[in-house]
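Contents: one structure, followed by commentary.
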Amino acid sequence: MSTFIDNKSAIAALFQTALATAYPALADGAFMIEVEKPKNPDHGHFAVNSALQLAKKLGAKPCDIAEAIVAALPASDLIATQPDIAGPGFINIRLSLAAETRVVGSIFADGDNFGKNHTGANQSVMVEFVSANPTGPLHVGHGRAAAIGDTLARLLTWQGYQVSREFYYNDAGVQINNLMLSVQARLRERSGLDAPFPEGGYHGEYIREIAERYAGKFPDDVSGNHEDTLRDFAVAYLRHEQDLDLKAFEVQFDHHYLESSLYTEGLVEKTVAHLVANGKTYEQDGALWLKTTDYGDDKDRVMRKSDGTFTYFVPDVAYHVTKWQRGFKRAIVELGADHHGSLARVRAGLQAMDMGVPVGYPDYVLHQMITVMRGGEEVKISKRAGSYVTLRELIDEVGRDATRYFFVMRKADSQLTFDIDLARSKSEENPVYYVQYAHARICSVLAQWGGDETALKSADLSPLTSKYESDLTRALADFPLTLKHAAHELAPHIVAVYLGDLAAKLHSYYNAERFLIEDEKLKLARLSLVLATRQVLKNGLTVLGVSAPEKM
RNA sequence: GCCCUCGUAGCUCAGUGGAUAGAGCAUCCCCCUCCUAAGGGGAGGGUCACACGUUCGAUUCGUGUCGAGGGCACCA
């Protein structure tokens, strides 16, 4: 675990002390100093704008306040020179060389654990994602879900949470029946029987494939008359295919939860009974309704239809009740934005259960739909029509690393365009290679040096005085806070953006300076810095589930 | 009609209550007798959709308008 205290926090603490000295009235923590990074590097490494924020409260001019704070600043080896007061009252700070480079020692001390912390305090958290119905192969949308969900799980693990990955699937509903009927129709078709294709059936080629396999395995039922057997066969086949896809994507689940078990274990009935007993329901038009409007939904929802069957959202609520009862004080659900309608209902249902579940439970991370372009035209993704791009195709043709990185490098709620032709023909332009290349370059340099890497871990870093070295060390020091931020925001793309930036600094450095040089002290210092950079690149790629190759 | 997300460079997208809004691709120019050119340096390219409000300060927060995508069934 990392014991590294980042420079930002250290500086904030320093200024908090100075503020309390200069203005004793604010000593009780009434005002928290915020340290920010200026966009313009000429303004220093860090800036404090508290003087502007306090001007009104203290009835003084910002620049006078800034001067008072700076004058009260305790001596510290963190700061290189007396901070500047600039513009209307910004305090601009430059780090000392020692402050900049001390991160390198922490990186070597923590190694593969650099960037981890105990924020999660070992609390159990469930991340549910993908949760595709076993009615067809996984497609690009599921790929985005898998990459985002798995990265979230990794991020939370790094923050010290006890993470469980869960895949929930509907193995009993109407859609499964449609699947069975679709395979049945294909079976009868190949037997030369007149078989109308079911309305709402699945048209993909894979349906014929399942029919072929079924006929091969059950030669005495080539017309698919044994519907239960046929249904089970089709579901098992597709589940197996999905598992293979996910495995190829390096995504593993700790648990699969079957919707059917909610019925067989009576949890759906129990949930309904509980809601009725709580007085949260009413009968109308022969149906049973839940008063979800009491909890912010825009209309009440039917729980039990007039035909006696339940609507899908009842098992959804029952399922989330089990998450709470299984001890997950925190649950995150990664969903396609096309399902966002269920969000308010599930939360309302949980509140109506009145069992102590927090109002915002569970957290949702929604990813927007992907627009897929192929041959310059948009591909309409439709499972039922059988037109889509499968995850398998992407992995085979673009590669696992590139696909994962691509899905995770943009905000989940941005609608992204995936140009299949571009991804295939120019996969070397995928930004993941830029990051991986930085890692491979460092490996190559170290291999050519051929020395003992452990010696680098205690190298004297004082010769590192160039701008490139300063930029690189400060970027390295940002890594732990970046991960924390990404985990807090449930936003994996923050890690990808950071890695791109870190790689850019390494590449600039590489082109500007040589590492394998005559000056022994400078050489060791540079190799030490570069070795630390390799470690951070590797750790960051690990969080994204992307490999860190030694050669490319 | 109601709800959610989004609107930033030609394209794909980052980003921020602060001082000159960034990257990649595309266009143009430069850099390998030298640790991997899958790289680097530079140029051009912007009314941060629009309006109003909050604020010392808004591209960022709020409201409204317009535009894009999605969701609004006793479908799942």
Side-chain angles (χ1 to χ4, degrees), chain A residues 34 36-43 47 49 52-53 55-56 61-62 86-90 92 133 135 170 173-178 200 259 284-289 296-299 301-313 315-316 336-345 364 366-371 373 406 409-419 422 426-438 440-449 493-494 496-498 500-501 503-504 506-517 523 526-527 530 551-552:
Chain A
E34 280 174 33
E36 59 185 21
K37 285 211 282 187
K39 285 179 206 162
N40 185 341
D42 293 343
H43 295 142
N49 62 9
L52 284 95
Q53 295 170 324
K56 202 169 196 177
K61 283 198 291 188
F90 295 103
N92 293 333
N133 283 352
T135 52
N170 173 334
V174 174
Q175 298 310 329
I176 298 296
N177 214 48
N178 283 341
E259 185 186 6
Q284 187 180 310
D285 306 329
L288 183 68
W289 297 71
D297 202 356
D298 54 349
K299 59 180 86 163
R301 303 289 166 175
V302 170
M303 295 172 68
R304 194 175 57 223
K305 295 180 263 183
S306 48
D307 66 4
T309 61
F310 294 111
T311 57
Y312 75 97
F313 109 88
D316 263 8
D338 54 339
H339 288 90
H340 84 262
S342 72
L343 191 154
R345 265 163 271 169
Y364 282 93
L366 301 177
H367 67 263
Q368 287 291 328
M369 301 293 92
I370 298 171
T371 305
M373 302 292 287
F406 183 89
M409 70 192 224
R410 264 71 198 263
K411 267 192 310 215
D413 53 14
S414 67
Q415 298 162 203
L416 67 84
T417 302
F418 194 118
D419 189 326
L422 195 70
K426 297 184 170 182
S427 65
E428 75 279 0
E429 284 181 11
N430 191 306
V432 72
Y433 297 108
Y434 184 81
V435 177
Q436 290 181 317
Y437 183 46
R441 262 186 158 171
I442 295 170
C443 290
S444 172
V445 169
L446 291 170
Q448 283 171 61
W449 170 60
H493 78 278
I494 289 172
V497 171
Y498 168 82
D501 182 63
L506 185 278
H507 287 311
S508 291
Y509 184 32
Y510 181 96
N511 277 276
E513 314 279 4
R514 291 189 61 77
F515 306 133
L516 303 176
I517 50 176
K523 177 173 77 182
R526 286 181 174 170
L527 289 175
V530 145
K551 279 186 186 159
M552 287 179 71

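A note on names: the letters A, B, ... follow the listed sequences, proteins ahead of strands, and every chain is numbered from 1.
- Among the atoms of the strands shown, base atoms are found under 4.0 Å from some heavy atom of A:Asn92.
- The main-chain N or O of A:Val432 is found under 3.5 Å from a side-chain atom of A:Asn430 such that the two form a donor-acceptor pair.
- For A:Ala86, the side-chain atoms get nearest to B:A19 when compared with the rest of B:A19, B:G39, B:A14.
- The side chain of A:His493 places an N or O atom within less than 4.0 Å of a non-bridging phosphate oxygen (OP1 or OP2) of B:G15.
- B:U27: Watson-Crick or G-U partner is B:A43, with both key distances under 3.5 Å.
- Counting any heavy atom pair closer than 4.0 Å across all strands shown, A:Glu259 reaches no nucleic acid atom.
- Rounded to an integer number of Å, the gap from A:Met303 CE to B:C75 C1' is 17 Å.
- In this structure, the CG atom of A:Asn511 is 11 Å from the P atom of B:A38, given to the nearest Å.
- Listed pair A:Tyr498 / B:G15 fails the phosphate criterion, with no side-chain N or O lying under 4.0 Å from OP1 or OP2.
- Looking at heavy-atom distances under 4.0 Å, A:Gln53 makes contact with a base.
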Pull out every protein N or O sitting under 3.5 Å from an N or O of nucleotides 11-13 of chain B, one pair per line with the distance.
unit_1: B:U12; atom_1: O2'; unit_2: A:Arg410; atom_2: NH1; d: 3.0
unit_1: B:U12; atom_1: O2; unit_2: A:Arg410; atom_2: NH2; d: 3.4
unit_1: B:C13; atom_1: OP1; unit_2: A:Gln415; atom_2: O; d: 2.8
unit_1: B:C13; atom_1: OP1; unit_2: A:Thr417; atom_2: N; d: 2.8
unit_1: B:C13; atom_1: O2'; unit_2: A:Arg410; atom_2: NE; d: 3.0

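- For A:Thr311 against B:C74, no side-chain N or O and base N or O form a donor-acceptor pair under 3.5 Å.
- With the nearest nucleotide of RNA chain B identified for both A:Lys299 and A:Ala503, A:Ala503 has the one nearer the 5' end.
- Of the side-chain N and O atoms in A:Arg301, none sit less than 4.0 angstrom from OP1 or OP2 of B:A73.
- Under 4.0 angstrom from either OP1 or OP2 of B:C75 there lies at least one side-chain N or O belonging to A:Lys305.
- Using a 4.0 Å heavy-atom distance criterion, A:His340 is classed as a base contact.
- Under the Watson-Crick or G-U wobble criterion, with both distances below 3.5 Å, B:C34 is left unpaired in every strand shown.
- With sequence neighbours left out, the salt bridge (charged side-chain N to carboxylate O under 4.0 Å, His left out) criterion links A:Lys411 to no other residue.
- Taking 3.5 Å as the limit, the base of B:A38 and the side chain of A:Tyr433 contain no donor-acceptor pair of atoms between them.
- Geometric assessment of A:Arg301 against the ring of A:Phe313 yields a negative cation-pi assignment under the 6.0 Å and 45° thresholds.
- Closest to the side chain of A:Phe515, from the set B:C35, B:C74, B:A14, is B:C35.
- The residue A:Asp285 sits close to a base: some heavy atom pair falls under 4.0 Å.
- In B:C34 the base sits anti relative to the sugar, since the glycosidic angle is further than 90° from 0.
- Set against B:C35, B:C56, B:U5, the side chain of A:Lys56 has B:C56 as its closest nucleotide.
- Contact between the side-chain N/O atoms of A:Lys39 and the OP1/OP2 oxygens of B:A21 is not found at any separation under 4.0 Å.
- The base-pairing partner of B:A58, taking Watson-Crick or G-U wobble contacts with both distances under 3.5 Å, does not exist among the strands shown.
- Contacts of A:Ala337 with the nucleic acid, taken as non-hydrogen atoms under 4.0 Å apart, involve only primed sugar atoms and P, OP1 or OP2.
- Nucleotide B:A73 is matched to nothing when pairs are restricted to Watson-Crick or G-U wobble geometry with both distances under 3.5 angstrom.
- For A:Asn40, the side-chain atoms get nearest to B:U20 when compared with the rest of B:C72, B:C34, B:U20.
- The residue A:Ala512 sits apart from the nucleic acid: no heavy atom pair falls under 4.0 Å.
- Between the side chain of A:Thr311 and the backbone N or O of A:Val302 there is at least one donor-acceptor pair closer than 3.5 Å.
- The 5' end of RNA chain B is approached more closely, in terms of each residue's nearest nucleotide, by A:Pro38 than by the other of A:Thr309 and A:Pro38.
- Between the side chain of A:Trp449 and the backbone N or O of A:Leu527 there is no donor-acceptor pair closer than 3.5 Å.
- B:U20 is unpaired under the criterion used here, namely a Watson-Crick or G-U wobble arrangement in which both key atom distances are under 3.5 Å.
- Atom P of B:U20 sits at a distance of 37 Å from the matching atom of B:C32, rounded to the whole Å.
- Among B:A76, B:G40, B:U5, the nucleotide with an atom closest to any side-chain atom of A:Gln368 is B:U5.
- Between A:His340 and A:Tyr364, a ring centre-to-centre spacing not shorter than 6.0 Å is recorded.
- Counting any heavy atom pair closer than 4.0 Å across all strands shown, A:Asn49 reaches a base atom.
- Ring-to-base geometry places A:His43 in a stacked arrangement with B:A19 (centre distance under 5.5 Å, plane angle under 30°).
- Atom NZ in A:Lys37 sits about 15 Å away from atom P in B:G22, given to the nearest Å.
- Summarising the base pairing, B:G7 is matched to B:C66 through a Watson-Crick or G-U wobble pair whose two defining distances lie under 3.5 Å.
- Counting any heavy atom pair closer than 4.0 Å across all strands shown, A:Ala438 reaches no nucleic acid atom.
- Nucleic acid contact class of A:Phe313 (heavy atoms, under 4.0 Å, all strands): none.
- Every side-chain hydrogen bond (donor to acceptor under 3.5 Å, both in side chains) that A:Tyr509 has, sequence neighbours left out, goes to A:Glu469.
- The shortest distance between the side-chain N/O atoms of A:Ser508 and the OP1/OP2 oxygens of B:G41 is below 4.0 Å.
- Residue ring and base: A:Tyr510 does not count as stacked with B:G39 (centre distance below 5.5 Å and interplanar angle below 30° not both satisfied).
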